[in-house]
Each structure stands twice: as structure tokens, then as C-alpha cells.
Amino acid sequence: MEYILKSEKALQRLEQIRKFLLSEKWMTILFVIAGVFACLHSYFPKAQYHIWGSVVLAYITGVVFVLSGDIFAMLIPAMFTYCIGIRCYNSLSTFGEIWWLAIPLVAMVLFNIITYFKKPTIKGSQFLPMLFVSFAVTIGGVGVISAKDYFGGAAIYNMLGIGFGMLLLYCFFYSKINTNKDYLLIEKLTDVMVVIGLFISFMVFMHYIININTVIDEGGIFYIRWRNNASTMLMMAMPFAFLLGNRKSSAAILAFIFFIATLLTGSRGGMIFGSIEMVMCIVMYILYDKRRRLAYLIICGCFVFIALTYLPEITSFLNTTIQRVFKVLNEFLMGGADTETRVRHYARGVEDFLNHPIFGTGLGNMTNRDIFKNKPGSLCWYHCEPIQIAGSFGIIGIIAFTYQFIKRNLLIWKRATLFNMTIFLSYISLELMSLVNPGILCPMPYLLLVIIYMIVVEKCNDNEPQIKVPILKKFRDKRKAKKIAITK
């Protein structure tokens, strides 16, 4: 862009715009725009406000792509686009009718790549494990899956998104994300995740308020089609609310708001794994954020007191989700012809792995449509990451993905800091949700966020000031003392 704008005044204005695109004011504006479309869709569910909301926000993202080469400047509107996009369930045919609107967006992305180009690098610690996963995903189903299924649009998108396409993005992002004199990567990532958590919470709460008559008729939780994606994003954002609380004690309250919103989505995975995650977050921050320990204890005490006081009412309100949890557990243990779709998918995934143990049946395998007919543009997911890896990619995939999981955790735990532990909690919450949903195997935005996590951790481990936490400190001190004694 600097080569295009020769005027010094124009360049100064451009720099001001770029700073604005990373500001809280800009995030607030995006929040309002996306919020209007979300509320309109809740008021008029049969109208197409969610479609046009996605288009408007996608174009805003495209404009940002033109104006800035900063990854976080682009990530902010892209995440708001996704937040509205999760409401566009089964809308592929509608988007197909307006396919031509994608042409300017593609041009904007190409402009960004060319104008702000930086040579991709393979220096990142996650390059090798991602390379192995890319090969495993590509050869998954060799000799089993049909050419039609292998080269299907959804299969190619997800194959590239999990494999070589995401590897290329990792190399590209690794060269572009660096410690910045204008802002701290840790603080910027925290702000983005918290704002997205706030917006998803807003969508859930407003959906209940707008549909209050349905809530009264149902007597509690009612069906929200986008509940699993909403709860997954809320769980990923929850630890960052605690980390923001490290700067401002009152911000820790946001984590409890995210948790309540997760319960209100009606997602069974959100209820179970969100509760586990909340406990892990509370324990970690009470243990290691000593300055705000009292504030956390007071907030937790108030939350527990209110929960116990209104336990019958809360249980009654969440009864639908609780019953669905026990139903699936019972069917998982007992089985039967009418067993829930997810449980039948799990059984089929294990069967597919045993029948094709080396390379699996492939990501685009459509032979399981007898269990559940997937929507156009989607895959026949097993809805469980370990089973998906085993069933789709076989032993080769198990080895590759296990190696990648280990390398990610070695990077996170390489340095015990409050930020790294926050990343671990957010990442592990996604892995937990992926036990009952496609989750981390969805390229956008979940896997993309994970690779951004890994890059930021690696870049910040030695280049940004961080609060260290004394995990295994006594063990390390004893080991150091033992080494010193041996040397002497």
C-alpha cells in the first residue's frame, strides 16, 4: 500500500486508520453492526438477515484486508463474520445464488497477499507435526474411498483446511506475526477473544429476550440451532476473561457470564465440558494470581451462593439439557435400534477403523449417510475427534495427530506463564468439545485459532514480559540442587 500512496499525508492517514482498526472503538462498532443483524434474525427468523449480515461483515473484513497487513486487524472482523455465519445453518443454496458477491472478496484477499507479502517461513516448531498431519489427511482412505467422494467440494475444503492449506497458512502467519512496538501480542489476542466471547453471550441473551414467549412456554431451555458452535467459542474465550481479570479484577466476572451463556445455549457438550473448564480456570487463577485471589474467591462465593439458593429453579430451567445428557449416556451404555445419531456414528467410526486400519476410509467418505444425511456442503462427521482420526485416517493418522498434540503441549508447557496456561485451558477446552463435535477438525475458525495460539506462544515466550507461575517449582528446585551437588 505504501508503494501506491506516495503522498506523506496519505501515508499518515493510512497509519492512523491502521491503528484505528486495532482499537477498542473499532471493535465496538463491529459489535454493534453484527448485533443489529443478530437481533433482526432473532426477531424475523424466516428472513435472511443472517445471510446479509454475513455478507456485510465479510465485505468489511475484505476492506480491512486491503488497508492493513496486520493479522489481528484482519482477525477481528473475520471473527465477527463467523459469529453471524454460525446462524446460517443449511444456507449453502442461498449463498450459491449470490456467489458473484465472492469475486470482489477474492480480489481483496489477493491484493492483501501481494501488497503485504512476506516470505513464508518453516522455522516454527509446529511445522513438522503439521506436515505429518497433512500427509496423513491427504492419503486417508487410499484404496477405499471413491474418487467422487475424495474430490468432493466439502472433502477438498476440509482436507486442505486440516492439511496442506493450513500448513501454508501457518508458515505465512509465522512470518507476519511478530512482537510489535505498538501493542503486545498477548494483550491483543486476549482482547479479541474476550470481545468475541462477549458478542456470542450477547447473541444468546438477546435470542432469549426476543423469544421470551417461547422460553415461558418451554419452561426453560429451548432449541437454538447454532448452540454447539456458540458454546465452543464461549469455552475458548472463557480463560481469556480470567486473564483479562489479571489486568482488571472486575473483568473476571465476564468468565461467569460466558459460562451462563454456555449453559443457555442448551449444548450438552457445553454444559459438561464447560463446567469442567470453569473449575479448571478457577483453580488455576486462585492458585497463581495471588494479587487477585481474594477477588476471585468473593466472585466464586457469590456465584456458588446464588446457585445453591436457586438450585431447584436452575435445575428446572436446565432440565431439557440435563435429560438429553442422561439420554445419550443411557443409549451409549445400553445401545439399541433407536440409539441417538451421535452414538451410532461412534460405533460406525470404530467399525470403519477396524475394517480399514492403515489409512482409514478418508475424510470425504459418504457411506455413513444411512445414519444421518449430512447437509449440502458438509461431511459425514463422526462427531468425535479421536474416532474421526482413527476412522478417516487410520493408524497413520493416529500417529501423526498424536505427535502434533504432543508438540503443541510441549510448546505451551515449555514456559510456565499465566498466558501459556490460559492458552492451554482454551486449547484443551476445544479438544474436550471435539470429543462430541467436529470441533478442532473444522478449519475455520477453530483450527486457525489454534495455530495462531501456537505462533503467539512461540513468539512471546522470550520476547514479551509475562507473569510466571510456580508449577512444579519445588520439583525443579530439587533437580537443580541435585545437579549442583553432583557437579561439586
Kindly determine whether V450 and I440 satisfy side-chain contact (heavy atoms from CB on, under 4.5 Å), including the steps that lead there.
CA-CA 8 Å; V450 168; I440 199 172; 4.0 Å; yes
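- Under the ring pair (Phe, Tyr, Trp, His ring centres under 6.0 Å) rule, F132 has a single partner from Y403, F127, F164, which is Y403.
- With rounding to the nearest 0.5 angstrom, the SG atom of C380 is 9.5 Å from the CZ atom of R348.
- For the pair S175 (side chain) and F172 (backbone), a donor-acceptor distance under 3.5 Å is present.
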Set out, in order, the CA-CA distance, both residues' side-chain angles and the distance that settles side-chain contact (heavy atoms from CB on, under 4.5 Å) for K118 and Y174, then state yes or no.
CA-CA 10 Å; K118 280 191 177 181; Y174 195 89; over 6 Å; no
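- Residue M238 comes nearest to G274 through the heavy atom pair CE-O, 4.3 Å, listed as atom of the first residue, atom of the second, then distance.
- Using a distance-only test at 3.5 Å, with no hydrogens or angles considered, no donor-acceptor pair links the side chain of H345 to the main chain of V343.
- You'll find the side chain of I423 reaches within 4.5 Å of the side chain of F240, heavy atoms only.
- For an aromatic pair to be called close, the ring centres must be under 6.0 Å apart, and F256 with F303 satisfies this.
- At least one donor-acceptor pair under 3.5 Å links the side chain of S23 to the backbone N or O of W26.
- Heavy atoms only, all atoms of each residue included: D70 and L22 are closest at OD1-CD2, 3.8 Å.
- Side chains of Y82 and T61 form no contact here, defined as non-hydrogen atoms less than 4.5 Å apart.
- At a cut-off of 3.5 Å, with distance as the only test, a side-chain donor of Y446 or N229 sits close to an acceptor on the other residue.
- At distances below 3.5 Å, at least one donor-acceptor pair connects side-chain atoms of N409 with backbone N or O atoms of F405.
- The backbone N or O of Y285 sits nowhere less than 3.5 Å from a side-chain atom of D289 that would complete a donor-acceptor pair.
- The backbone N or O of E385 lies less than 3.5 Å from no partner atom in the side chain of S434, so there is not a single donor-acceptor pair.
- How far OG1 of T190 is from CG of L244: 7.0 Å, rounded to the nearest 0.5 Å.
- A donor-acceptor pair is defined here as one N or O able to donate and one able to accept, closer than 3.5 Å; such a pair exists between the side chain of Y170 and the backbone of Q126.
- For N178, the side chain to side chain donor-acceptor pair (under 3.5 Å) partners at least two apart in sequence or on another chain are K459.
- A cation-pi arrangement is not found for K188 relative to F72, the charged atom failing to lie both closer than 6.0 Å to the ring centre and inside a 45° cone about the ring normal.
- In this structure the side chain of F135 never reaches within 4.5 angstrom of the side chain of I396, judged on heavy atoms.
- Counting only heavy atoms from C-beta outward, the side chains of Y208 and V204 approach each other to under 4.5 Å.
- R18 contributes a side-chain N or O that, together with a main-chain N or O of L67, makes up a donor-acceptor pair within less than 3.5 Å.
- There is no side-chain donor-acceptor pair under 3.5 Å between T262 and S231.
- For S426 (side chain) and T422 (main-chain N/O), no donor-acceptor pair under 3.5 Å exists by modelled atom type.
- If you take CE on M233 and OG on S429, they are separated by 9.5 Å, rounding to the nearest 0.5 Å.
- Here the closest heavy-atom approach between residue N420 and residue R415 is recorded as ND2-O, 2.8 Å.
- Counting only N and O atoms by type, the side chains of E431 and Y427 include a donor and acceptor under 3.5 Å apart.
- Using a 4.5 Å heavy-atom threshold, the side chains of T402 and I399 count as separate.
- Between N211 and F222, the closest side-chain pair of non-hydrogen atoms falls below 4.5 Å.
- Note that CD1 of I122 and CE of M130 are 13.5 Å apart. Values are rounded to the nearest 0.5 Å.
- Residues Y49 and V36 are not in side-chain contact: their nearest non-hydrogen atoms beyond the backbone lie 4.5 Å or more apart.
- Applying the salt bridge (Lys or Arg N to Asp or Glu O under 4.0 Å) rule to pairs touching residues 190-218 yields D191-R247, sequence neighbours excluded.
- Side-chain contact check for S42 and R87: at least one donor-acceptor pair (N or O, by modelled atom type) lies under 3.5 Å.
- Distance CG/L448 to SG/C442: 12.5 Å, rounded to 0.5 Å.
- Contact detail for F20 and K25: the closest heavy-atom pair is CE1-CB, 3.9 Å.
- The side chain to side chain donor-acceptor pair (under 3.5 Å) test with S125 singles out one residue from E458, R408, K407, and that residue is E458.
- In this structure, CG in L160 is found 10.5 Å from CG in L169, a value given to the nearest 0.5 Å.
- Ring centers of F31 and F202: under 6.0 Å apart, within the cut-off.
- Centroid-to-centroid, the aromatic rings of W226 and H207 come within less than 6.0 Å.
- Residues A400 and V133 share a closest heavy-atom pair of O-CG2, 3.7 Å.
- Side-chain contact between M421 and Y288 is absent, with no heavy-atom pair separated by less than 4.5 Å.
- Here the side chain of Q388 pairs a donor or acceptor atom with the backbone of Y382 at under 3.5 angstrom.
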Check against side-chain contact (heavy atoms from CB on, under 4.5 Å), R227 and L264:
CA-CA 9 Å; R227 60 192 175 199; L264 289 177; over 6 Å; no
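- Of all non-hydrogen atoms in L441 and F401, the two that sit nearest each other are CD2-CE2, 4.0 Å.
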